[in-house]
Amino acid sequence: MISTTYTRTGAVVLLLGMTWSAMTLLEHKLDIANLAMLLVLASALSSLWLAAWASMLVSAGSMLAFNWFFVPPKFTFTVDIYQNALLLLALLMVNWIIAGLVIRQRHLAQAARTLADQEARLRQWGDTLRDASDPAAHAAALRIALQEATGTSVAVSVLRSLDKSNETSALLLGETTHEQRSGLSLCEREGNAMGPGSGRYEQLDDVYLPLRGRRVTLGAALITGLGAHANGLQLKPHLQALCDQMGSALQRSLVTEQEQQAREQAQQQAVRNALLAAISHDYRTPLATIMGAASSLQEQGERMDADQRRRLAAGIVEESERLARLTDNTLQLARLDALAVTLRCDWESTEELVGAVLRRIRRRPDGGRVSVWVEPNLPFLWCDALLVSQLLDNLLDNGLKYCPEDTPVELHAKSDNAFLLLTVSDRGPGIAASWQEKVFEVFQRGEPVRSHHYSDLDRGAGVGLAVCRAIARAHHGELLLRASGEGGCLFECRLPFAGLDSTPLTAQVPEAQK
Amino acid sequence: MSRCILLVEDDRVLRSALFEALSVEGYKLKTAASLADARAQLLHAPPGEAIDLIVLDLGLPDGEGQSLLSEVRRTSNMPVIVISARHDEGEKIQLLDQGADDYLVKPFGIGELLARLRVALRHRGHAAEPALLLYQHGLLQVHLKTRRVQLAEVEVHLTPTEYALLARLVRQAGQVVTHRQLLLDVWGAEHTDQTHYLRLYMGQLRAKLEADSTDPQHLLTEPGVGYRVAESDADV
């Protein structure tokens with residue numbers, strides 16, 4: 001500001017100096033009225049740069065100096081010819097009128113520029129907010145915009161939740177005193193502007209503007225020292241407009257967010273309800289067997305022979321194992337559904353994983369139907385050993401459960417470039433093409449008695465396969481169901497040997513130390 | 001003389017089921033439903049009825065079973081078998097490293113529990129039992145004194161590291177040994193994170209000692225936890 005004032009004064013002094021030099025040079029070539037015209041021109045030009053009072057002073061001074069130096073008798077203020085007196089007077093009047101007009105024009109232009117600036121700022125602000133997914137992040141931008149508009153320091157407080165009781169959700173930008181903070185929160189609560197020009201708390205130095213949405217205030221802005229600001233009060237409506245735009249945008253985004261949360265919650269609730277209903281249904285079947293067999297042993301045991309008792313007991317054990325598997329799967333599914341699953345990965349040997357699963361399966365009465373082939377010298381697999389074992393166990397269990405009792409279930413493991421390819425195939429009735437994706441959905445049940453064996457889908461196959469797919473995907477792999485060449489199902493699981501987070505393998509393994 | 005087992009389990013039904021099952025096998029049983037109860041029984045066991053082994057449930061009404069495990073380990077090497085309802089590999093490893101002899105995850109069959117009891121009692125129970133000199137399981141024989149390994153009476157040549165690993169497992173035959181423990185005992189303290197050494201050497205051992213390395217009979221894997229060699233044949 002100061003430097004521009006100096007520049008302008010300098011320009012005026014230079015202009016006047018040049019004019020006076022020209023007038024001195026031309027004094028004997030032009031008559032006095034023409035010289036006066038030069039002076040009028042210079043005064044009119046200087047009014048482009050000077051304030052009104054300075055402009056008036058400059059033209060009055062110029063007239064006096066002109067009278068002193070040029071108007072005969074020279075070096076006096078007396079005017080000898082009547083005509084010259086009229087000339088001087090007219091000169092002064094014309095100067096003043098021109099100066100007045102020029103300055104008025106200047107003000108109008110300035111006002112138009114300010115308006116255009118404000119309008120541009122509002123428009124730009126509107127665009128910024130419209131594109132913003134999180135207007136709270138734009139509190140900083142609002143602060144900068146307000147600072148640019150006023151040239152004073154600004155603090156902005158923004159609510160991040162529609163729930164006003166949730167004080168901790170407020171976001172405060174800018175430095176504030178304790179008093180100013182309480183001013184901001186009062187303004188936020190009441191939704192009215194405070195400070196000079198607002199009709200409320202006029203004695204304050206600072207202006208508080210609410211960020212208003214529809215019937216709600218979602219924050220407040222503090223503009224320090226706006227009361228003392230030259231045209232602060234004219235700026236206020238513009239500032240309020242900026243603030244209100246922010247308020248509406250905040251409201252829009254918060255409402256959208258709330259809506260989405262409610263929708264997600266409802267969806268989760270629905271999934272959870274379906275899951276719970278399905279789980280309790282799937283638990284009932286084995287429980288019924290166990291209850292039946294156990295109560296029969298309890299009440300009729302004495303009348304049964306040893307074989308009958310053994311068969312009942314075997315049924316209890318078998319169904320208990322099924323319950324245990326169902327529990328493990330349900331638990332794992334819940335775990336894998338969680339947003340941040342941490343796998344306990346390590347370099348594992350496929351041969352070992354397959355061996356451990358096979359050992360468990362072989363303990364079952366029908367476990368002998370499983371045959372296994374593992375490609376020799378497979379690379380190590382970066383995986384969570386327990387999860388991959390569970391995946392294999394479920395796939396084999398699935399094959400054994402849904403296929404005729406004398407048919408084999410085959411597990412093959414081989415490498416396919418950077419992937420381990422695990423396939424489990426059976427010679428059962430297969431699954432209709434339309435169901436090939438659905439079997440992986442949680443607790444999906446087959447169409448009623450569409451095929452004899454898959455009526456067993458009704459017994460909770462869904463959770464097992466859903467867990468398998470979740471496990472494959474948690475390892476950045478995939479599990480698909482294909483039609484087997486020999487009829488029946490072919491589950492194909494593809495797992496990358498090395499994970500994104502796998503530790504490098506040391507090439508050399510040292511000899512034992514002991 | 002029959003062995004005396006302290007059964008620490010707060011669930012009444014499971015406690016009585018295990019009580020019945022273990023009594024039938026000829027064990028003498030004492031039961032406790034809480035940590036405090038278990039501590040009292042351990043302290044005040046009448047002479048001649050000393051407790052030989054603890055079967056310890058983890059979640060007890062007055063605290064975690066782990067605390068009892070560490071208390072017991074401070075003063076004795078009495079076998080402790082942990083039973084837990086939680087399916088957490090990290091916890092199992094921690095328990096084994098803390099000195100538990102073995103663990104079982106609920107639900108488990110009684111056969112499994114009996115096998116673990118037998119192994120635990122054999123390894124720790126009575127000092128009179130001589131140190132294991134010969135391990136035999138099926139066709140596999142390991143002579144610990146002469147460091148010879150035979151498969152169906154035919155000598156198998158093992159590298160020193162392979163033998164060290166096998167011998168370490170055999171010394172605790174029937175019990176799971178954690179990856180960490182194996183690496184510590186075979187390769188040394190600075191290699192305890194290098195589980196792939198184990199994968200490599202176990203693979204080599206299986207190739208030499210198992211008829212079908214994908215269906216091992218001797219060298220068993222406990223995914224995520226460690227390895228176990230099958231319990232030595234009873235007559236050895």
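Quick caveat: nothing in here was measured; it's all calculated off a predicted structure.
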Between [X] and chain A, which part of the residue has a heavy atom less than 4.5 Å away: side chain, backbone, both or neither?
X	answer
Glu162(B)	neither
Leu200(B)	both
Tyr201(B)	side chain
Arg168(B)	neither
Pro107(B)	side chain

Ionic contact status for [Y] with [X], cut-off 4.0 Å:
X	Y	value
Asp393(A)	Arg325(A)	yes
Arg116(B)	Asp102(B)	yes
Arg359(A)	Asp215(B)	no
Asp11(B)	Arg15(B)	no

(message) When you compare the side chains of Gln66(B) and Gln98(B), does any donor N or O come within less than 3.5 Å of an acceptor on the partner?
(response)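 No pair is found: no donor N or O on one side chain lies under 3.5 Å from an acceptor on the other.
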(message) Using heavy-atom distances under 4.5 Å, tell me whether Glu348(A) contacts chain B through its side chain, its backbone, both, or neither.
(response)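 Both backbone and side chain of Glu348(A) come within 4.5 Å of chain B.
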